[in-house]
There are 2 protein chains.
Amino acid sequence: MPTPHYGQPRYRVIADELRERIESGLIPPGTLLPTESTLTAEFRAARGTIRQAIAVLREAGLVATEHGRGTYASARRHESGLEEGSASETRKRQIPADPELAALFDVDVGAVLIEQQRVDRTNGVVRTVVRTYRLGRVSK
Amino acid sequence: MPTPHYGQPRYRVIADELRERIESGLIPPGTLLPTESTLTAEFRAARGTIRQAIAVLREAGLVATEHGRGTYASARRHESGLEEGSASETRKRQIPADPELAALFDVDVGAVLIEQQRVDRTNGVVRTVVRTYRLGRVSK
DNA sequence: AGAAATTTGTCCGTATGTATC
DNA sequence: AGATACATACGGACAAATTTC
């Protein structure tokens, strides 16, 4: 029972099985899937593996999970562009100092500043945007 | 991209990146770091590698992990050449969303956003300016 | 109103197989 | 051969949101 993964990984096999149940109507849209605990027993897999399988379906937009509630089967809505889960993106760029920042850093307006930005998303919704400003490289 | 590790091991590179985000204030003290799962996606690294990176930071006292909770950025400060120089000011205000932020938050230009700004000084010299943006209350 | 049970979220430690440098 | 990294899988534990009693 260690961890041989010939051919298909278990979580993928499980995901396929659940997908079929949903698409076939066995698990109607809007209803709750069996709990992770139940699926654990049914597939004789670790909870982490079950969660991985559900994550696949969530990414595919087939299910939606709510903390403390359960995982609902979604109405199959295969859209063109695919959505993204939760993640954070980071970007770094150089910008000219506006008057306010110039005053803070005590540099001329237009001087090069480094801006680092992070965007936190939850379920695709932007929660926070953090921007950090620093002086551009030159001296230390 | 399998496993090229020229020079620095992957986990060390990731640790350095996270360290910079914390020390720069991109990840403010007291806030939760992205989950291991999220970091796994962002850095395209295995969980083990992420955990190894976080372990480095934990060892350095930069973060503290709580079982079942998450990993917090510590308020650990750079006490190298301290003196009475270190100081930080915080300001909170409401601002109208500019086009860029409006697009990120998916709101109209001019919508109310909450901006929190922190200015870190060392020996009177401004080191970093951190601005965090959030949606104004209400709606949703 | 409150306590307990349920369920998902996250982390921990460990382990095996695979692949590359 | 060894170090590094990745993918997968297990089991246990605590945290937090929700529901039930």
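Residue numbers start from 1 in every chain, and the chains themselves are labelled A, B, ... in the order their sequence lines are given, proteins ahead of strands. When reading the values below, keep in mind they use all heavy atoms of this one structure, side chains included, and skip hydrogens, waters and symmetry mates.
OP1 or OP2 of D:dA9 has not a single side-chain nitrogen or oxygen of A:Y11 nearer than 4.0 Å. Distances shorter than 4.0 Å separate none of the side-chain N or O atoms of A:R44 from OP1 or OP2 on D:dC10.
Under the 4.0 Å criterion applied to side-chain N and carboxylate O atoms, B:E66 and B:R58 are not assigned as salt-bridge partners. Using a 4.0 Å cut-off between charged side-chain N and carboxylate O, B:E42 and B:R21 make a salt bridge.
Atom CZ of A:R69 and atom P of D:dT18 are 7 Å apart (whole Å). Taking atom CD1 of residue A:I14 and atom C1' of nucleotide D:dA9, one finds them 10 Å apart after rounding to whole Å. When the P atom of C:dC11 is taken as reference, atom CD of B:E36 falls 5 Å away, rounded to whole Å. Rounded to whole Å, the distance from CD on A:E66 to C1' on D:dT19 is 13 Å. Between B:R12 atom CZ and D:dT4 atom P there is a gap of 9 Å when expressed in whole angstrom units.
The residue among A:A46 and B:A45 whose nearest nucleotide of DNA chain D lies closer to the 5′ end is B:A45. If A:Y72 and B:F43 are placed on DNA chain D by their nearest nucleotide, the residue sitting closer to the 5' end is B:F43.
Taking OG1 from A:T132 and CD from B:E20, the interatomic distance works out to 9.5 Å, rounded to the nearest 0.5 Å. Here the CZ-CD1 distance, from A:R10 to A:I50, works out to 7.5 Å after rounding to the nearest 0.5 Å.
Applying the side-chain hydrogen bond (donor to acceptor under 3.5 Å, both in side chains) rule to B:Q116 yields no partners; only residues at least two apart in sequence or on another chain are considered.
Side-chain atoms of B:T40 and B:S37 include no donor-acceptor pair closer than 3.5 Å.
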For nucleotides 4-6 of chain C, give me every protein contact, N/O to N/O, under 3.5 Å, one pair per line with atom names.
none

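Of all nucleotides listed (C:dT8, D:dT8, D:dT18), D:dT8 comes nearest to the side chain of A:P9.
Side-chain atoms of A:R47 come within donor-acceptor range of the base of C:dT10, with a qualifying N/O pair under 3.5 Å. Below the 3.5 angstrom threshold, one finds a donor paired with an acceptor across the side chain of B:H67 and the base of C:dC11.
Between A:R51 and A:E36, the closest side-chain pair of non-hydrogen atoms falls below 4.5 Å.
A pairwise comparison of heavy atoms in B:P28 and B:A73 identifies O-CB, 3.7 Å as the closest pair.
A continuous path of ILVMFWY side-chain contacts below 4.5 Å connects B:F43 to B:I27, so both sit in one hydrophobic cluster.
Heavy-atom distances under 4.0 Å link DNA chain C to B:R51, B:R58 of residues 48-58 of chain B, given in residue order.
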